[in-house]
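To keep things clear, I will list the structure first and then write my remarks on it.
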2 protein chains.
Amino acid sequence: MRQGTKSKILDAAERLFAERGFADTSLRLITSHAEVNLASVNYHFGSKKELIQAVLMRYLEQFMPLVDKAMQEHIESATPPNLDQVFSSFIDPLLEMNQVKKHGTAMFLLLLGRGYTDSQGHLRKFITHHFGEVLSRFQDAVRLAYPELSDSDIFWRLHFTLGTVVFTMASSTALKEIASADFNEELNTEGLIRKVIPYLAAGVGAPT
Amino acid sequence: MRQGTKSKILDAAERLFAERGFADTSLRLITSHAEVNLASVNYHFGSKKELIQAVLMRYLEQFMPLVDKAMQEHIESATPPNLDQVFSSFIDPLLEMNQVKKHGTAMFLLLLGRGYTDSQGHLRKFITHHFGEVLSRFQDAVRLAYPELSDSDIFWRLHFTLGTVVFTMASSTALKEIASADFNEELNTEGLIRKVIPYLAAGVGAPT
DNA sequence: TTAAAAATAAAACACCTGTTTAAAATCTAC
DNA sequence: GTAGATTTTAAACAGGTGTTTTATTTTTAA
């Protein structure tokens, strides 16, 4: 066989989750698109919940080390970074997801968004459990760039930021269509990322 | 009877939608909480989709005229507004939702968030269809506050803003718990709104 | 009071859900 | 080549979904 059952399931699940969300994507839909037997999902992954985590894990374990490295560099640098630099550190890791797979960047952000907003947010716990240190390293870099900001304000503004990114990606298809019709502006994922960075940096850098 | 069937359904549906999302809330769950017959949902509202719209409509038809009035005042004012003023115009209409019903503000924003991110985004079309003029009046006020910003950038940044608000509210319960545990900071919905306004104004006002 | 309209109720409809079982097929190593 | 483990398959399981039908009750108006 060209491709193992497990990875055929992951590929189909990933596409469908991004398109329709987790709740609206049935295992039967996934397995029919993947052209595998229904029972193989439970055989290989245990449950639907674990399949969702496996789909995201494939991206996270590529993405997080790259972010971590960039934040480390900011922290260990002789001169403290500014917010634009900190946020721009996400651009390369995000675009690297396109190497992993076609439209990987958009898909990763889409999945992340769905994971954070869909029911119960069990993915939030999953992510903070597996990658908590990376997130706190990011927090450290922001603190260096804006030392006057309290820990509480850093916390809140970073979540505002996450919201902006995640929501924008979740609606990006619809938004790109409107922008294309209204402004004759064809934007790809990279263009969108570069549009949002100044917004985020200014927001986090706002006076309190 | 104390309360009509129709409004008992709306109240129960609203609470459950906000807690669990649209897809994860069944009509049977709604009707059992509302203590009405299952069939009464389809009798009074036609379908689940129309029930969702009715739940949001109850808030929107209170909220939108207030926003519209505030934006009109900015537009007709002799001196152009600044971005902080434009965004602060949302505070009162949002808090007014608490008069409509206990925890109304939080619930309204929660529902709005779910509606924008849940499947297919049919609520986005519903809102732009019913309240398109209000949204474009908001756009006009932003243009007055920041004339150098292109229409395309206004469009994108306002959607970034919507993302911030909607995502923050959708995760607000979890976030408030973390903030309470980590920073001994008890934040209510109004406090959260006042925390997010400077962030939004700075983001939209960022240089391009 | 009575006839028409509106609302409620219980039951059935047709279909979809994630998961499990048990048999068959395939692959792996001796 | 054959025994054993791994993987795939079809079928069933137990329960949930939104919606519709039919009958009954309640409300409204003449």
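Each chain gets a letter, A, B and so on, in the order the sequences are listed, and its residues count up from 1. Since we're looking at a predicted model, the values are computed, not measured.
Each of dT20(C), dT20(D), dA9(C) was ranked by its minimum atom distance to the side chain of Asn42(B); first place goes to dT20(D). Checked against dT19(D), dA10(C), dT9(D), the side chain of Ser47(B) finds its nearest nucleotide in dT19(D). Nearest to the side-chain atoms of Tyr43(A) among the listed nucleotides dT8(D), dT19(C), dT19(D) stands dT8(D).
For the pair Phe22(B) CZ and dT17(D) P, the computed distance is 17 Å after rounding to whole Å. Computed from coordinates, the Leu38(A) CG to dA10(D) P distance equals 11 Å when rounded to whole Å. Between the C1' atom of dT8(C) and the CD1 atom of Ile9(B) lies a distance of 11 Å, rounded to the nearest Å. Between Lys48(B) atom NZ and dT19(D) atom P the separation is 8 Å, expressed in whole Å. With rounding to whole Å, Asn37(B) atom CG is found 14 Å from dG18(D) atom P. In this structure, NZ of Lys6(A) is placed 11 Å from P of dT8(D), rounded to the nearest angstrom. Atom CG in Leu27(B) sits about 19 Å away from atom P in dA14(C), given to the nearest Å. Taking atom NZ on Lys8(A) and atom C1' on dT8(D), their separation rounds to 11 Å, with Å as the unit.
Taking each heavy atom of Asp68(A) and Val134(A) in turn, the nearest pair found is OD1-CA, 3.7 Å.
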message: As a quick check of understanding, evaluate ring-ring contact (aromatic ring centres under 6.0 Å, His included) for Phe167(A) and Phe167(B), giving each step before the final call.
response: CA-CA 7 Å; Phe167(A) 177 91; Phe167(B) 175 92; 8.8 Å; no
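Using a 4.0 Å heavy-atom criterion, one finds that Thr25(A) contacts the sugar-phosphate atoms exclusively.
Counting distance only, with no hydrogens placed and no angle test, the side-chain atoms of Arg28(A) and the base atoms of dG18(C) include a donor-acceptor pair under 3.5 Å.
Between Ile30(A) atom CD1 and Lys8(A) atom NZ the span is 14.5 Å, to the nearest 0.5 Å. The distance from the CZ atom of Phe90(B) to the CZ atom of Phe138(B) is 4.0 Å, given to the nearest 0.5 Å. Atom CZ of residue Phe160(B) and atom CG of residue Leu200(B) lie 12.5 Å apart, to the nearest 0.5 angstrom.
OP1 or OP2 of dT8(C) has at least one side-chain nitrogen or oxygen of His44(B) nearer than 4.0 Å. Taking side-chain N and O atoms only, Thr5(B) has a distance below 4.0 Å to OP1 or OP2 of dT8(C). At least one side-chain nitrogen or oxygen of Ser26(B) sits closer than 4.0 Å to the OP1 or OP2 atom of dT17(D).
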